[in-house]
Amino acid sequence: MRLYLIGMPGAGKTTLGRALATAYEVPFLDLDEEIVRREQRSVSEIFAQDGEEYFRQREADVLRDVVAQYPRVVLATGGGTPCFHHNLEVLLETGLTLYLAVPVAELVRRLLAVAASRPLLAALPDAAALESRLRETLAARQQFYDRAPLCCAAPTCSLEAVQQLVARYHLTA
Ligand SMILES: Nc1ncnc2c1ncn2[C@@H]1O[C@H](COP(=O)(O)OP(=O)(O)O)[C@@H](O)[C@H]1O
Ligand SMILES: O=C(O)C1=C[C@@H](OP(=O)(O)O)[C@@H](O)[C@H](O)C1
Ligand SMILES: [Mg+2]
């Protein structure tokens with residue numbers, strides 16, 4: 001089983017992904033961490049030194065490598081992953097994709113603490129700017145996120161709730 005988590009920055013893809021992988025006893029991978037490992041530099045450094053387009057190309061390449069290498073995996077993607085280079089098609093064709101839907105106000109609360117390490121958010125001056133950037137970004141990405149066969153909306157995205165969703169999907173699919 002390959003289980004892919006998609007959703008906005010701060011949705012909890014990395015956090016929930018780790019817990020799901022432990023529960024299912026399969027490897028956990030975070031796509032950003034894989035990119036960082038291969039590039040030997042942080043996501044912020046990649047954006048600053050080579051720009052977003054370069055990052056998106058690496059992201060698409062590493063995604064395809066991970067899919068080829070791991071028949072069983074929980075993969076936390078980056079927030080933009082499904083929106084570039086036909087990555088969403090790769091996800092939909094090779095595993096089960098779960099969209100973590102979290103209201104923007106909650107994303108703001110979570111990201112204020114960590115925005116500095118996220119290059120697309122780091123330059124924003126305050127919470128209001130962060131909120132309006134997230135709203136714009138979500139409006140553009142919603143059409144991609146909504147194609148996931150499974151969706152879990154906060155605050156009910158507990159580990160147990162997601163495991164139930166996945167089990168029900170496998171029973172009826
Ligand atoms: N269910 C949750 N409730 C509250 N905070 C959360 C939850 N999931 C993640 N967080 C916090 O939100 C921030 C972003 O989580 P993370 O898993 O890195 O999200 P993503 O990978 O989707 O960007 C982290 O500080 C994390 O501790
Ligand atoms: O939303 C985005 O475009 C991005 C989200 C990040 O991942 P998280 O969603 O884990 O923050 C990371 O891939 C990069 O900074 C770009
Ligand atoms: Mg993450």
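Every number for a ligand or one of its atoms is a count from 1 in the order of the listing. Keep in mind that this is a model prediction, so the values were computed, not measured.
Side-chain N/O atoms of D65 and Q69 include no donor and acceptor closer than 3.5 Å. Residues N87 and R56 have side chains that never bring a donor and an acceptor to within less than 3.5 angstrom of each other.
Residue P119 has at least one heavy-atom neighbour below 4.0 Å for each of these atoms of ligand 2: 15 (O). The P9 neighbourhood of ligand 1 comprises atoms 23 (O), with distances under 4.0 Å to a heavy atom of that residue. Close approach of ligand 2 to R56 is summarised as follows: ligand atoms under 4.0 Å from at least one heavy atom of the residue are 2 (C), 3 (O), 16 (C). Residue K13 has at least one heavy-atom neighbour below 4.0 Å for each of these atoms of ligand 2: 8 (P), 9 (O), 10 (O). Those atoms of ligand 2 with a heavy atom of G80 less than 4.0 angstrom away are 1 (O), 2 (C), 3 (O). Each of the atoms 7 (O), 9 (O), 13 (O) of ligand 2 lies under 4.0 Å from some heavy atom of G78. When each atom of ligand 2 is checked for a heavy atom of V43 under 4.0 Å away, the hits are 14 (C), 15 (O). Close approach of ligand 2 to P9 (heavy-atom distance below 4.0 Å) involves ligand atoms 1 (O), 9 (O), 11 (O). For ligand 2, the atoms lying closer than 4.0 Å to a non-hydrogen atom of F55 are 13 (O).
The Mg ion (ligand 3) lies at 2.8 Å or more from every N, O or S atom belonging to T77.
Clustering ILVMFWY residues whenever any of their side-chain heavy atoms sit less than 4.5 angstrom apart, transitively, puts V90 in the very cluster that holds Y70. Placement of V102 and L138 within a single hydrophobic cluster is found when ILVMFWY residues are connected by side-chain heavy-atom separations under 4.5 Å, directly or transitively. When the side chains of ILVMFWY residues are joined at heavy-atom separations under 4.5 Å, either directly or via intervening members, L3 and L100 end up in a single hydrophobic cluster. Y169 is not connected to L75 by any chain of hydrophobic side-chain contacts under 4.5 Å among Ile, Leu, Val, Met, Phe, Trp and Tyr, and they are in different clusters. Placement of V26 and L150 within a single hydrophobic cluster is found when ILVMFWY residues are connected by side-chain heavy-atom separations under 4.5 Å, directly or transitively.
Residue contacts with ligand 2 do not include E33, since none of its heavy atoms lies under 4.0 Å from the ligand. Contact analysis puts A11 in contact with ligand 1, with a non-hydrogen atom separation below 4.0 angstrom.
Under 4.0 angstrom from ligand 2, the non-hydrogen atoms of R141 all belong to its side chain. Contacts between L31 and ligand 2 below 4.0 angstrom, taking non-hydrogen atoms only, are absent altogether.
Ranked by closest heavy atom to atom 23 (O) of ligand 1, the top entry among M8, R118, R109 is R118.
Between G79 and ligand 2, a contact under 3.5 Å exists for at least one N or O pair. In terms of polar-atom proximity, E59 is not counted as a contact of ligand 2, lacking any N or O under 3.5 Å from an N or O of the ligand. Considering backbone and side-chain N/O of K13, one or more are found under 3.5 Å from N/O of ligand 1. Of the polar atoms of L16, none of the N or O atoms is found under 3.5 Å from an N or O of ligand 1, judged by distance alone. Considering backbone and side-chain atoms together, G12 places an N or O closer than 3.5 Å to an N or O of ligand 1.
Among the candidates T94, T97, T81, the single residue satisfying the side-chain hydrogen bond (donor to acceptor under 3.5 Å, both in side chains) test with Y4 is T94.
The protein heavy atom nearest to atom 10 (O) of ligand 2 is D32 OD2, 3.6 Å. Closest protein heavy atom to atom 14 (C) of ligand 1: G10 CA, 3.8 Å. Scanning the protein heavy atoms around atom 12 (O) of ligand 1, the nearest turns out to be R110 CD, 3.3 Å. Of the protein's heavy atoms, V114 CG1, 4.1 Å lies nearest to atom 25 (O) of ligand 1. Of the protein's heavy atoms, T14 OG1, 2.8 Å lies nearest to atom 21 (O) of ligand 1. Looking at atom 27 (O) of ligand 1, its nearest protein heavy atom turns out to be T15 OG1, 4.4 Å. Looking at atom 11 (O) of ligand 2, its nearest protein heavy atom turns out to be R118 NH1, 2.6 Å.
In this structure, the separation between CG on L20 and CD on E25 is 13.0 Å, given to the nearest 0.5 Å. The CG atom of D50 sits 11.0 Å away from atom CD of E45, with the distance rounded to the nearest 0.5 Å. From R58, atom CZ reaches atom NE2 of H85 across 12.0 Å, with rounding to the nearest 0.5 Å.
More than 12 non-hydrogen atoms from other residues, nucleotides or ligands lie less than 6.0 angstrom from CZ of R41. The neighbour count for R133 CZ, taken as heavy atoms of other residues, nucleotides or ligands under 6.0 Å away, does not exceed 12.
In this structure, Y145 and Y99 have parallel ring planes: the angle between them is below the 30° cut-off, well short of the 60° mark.
Taking each heavy atom of L96 and P149 in turn, the nearest pair found is CD1-CG, 3.9 Å.
In this structure, the side chains of E34 and D30 stay at 4.5 Å or more apart for every pair of heavy atoms.
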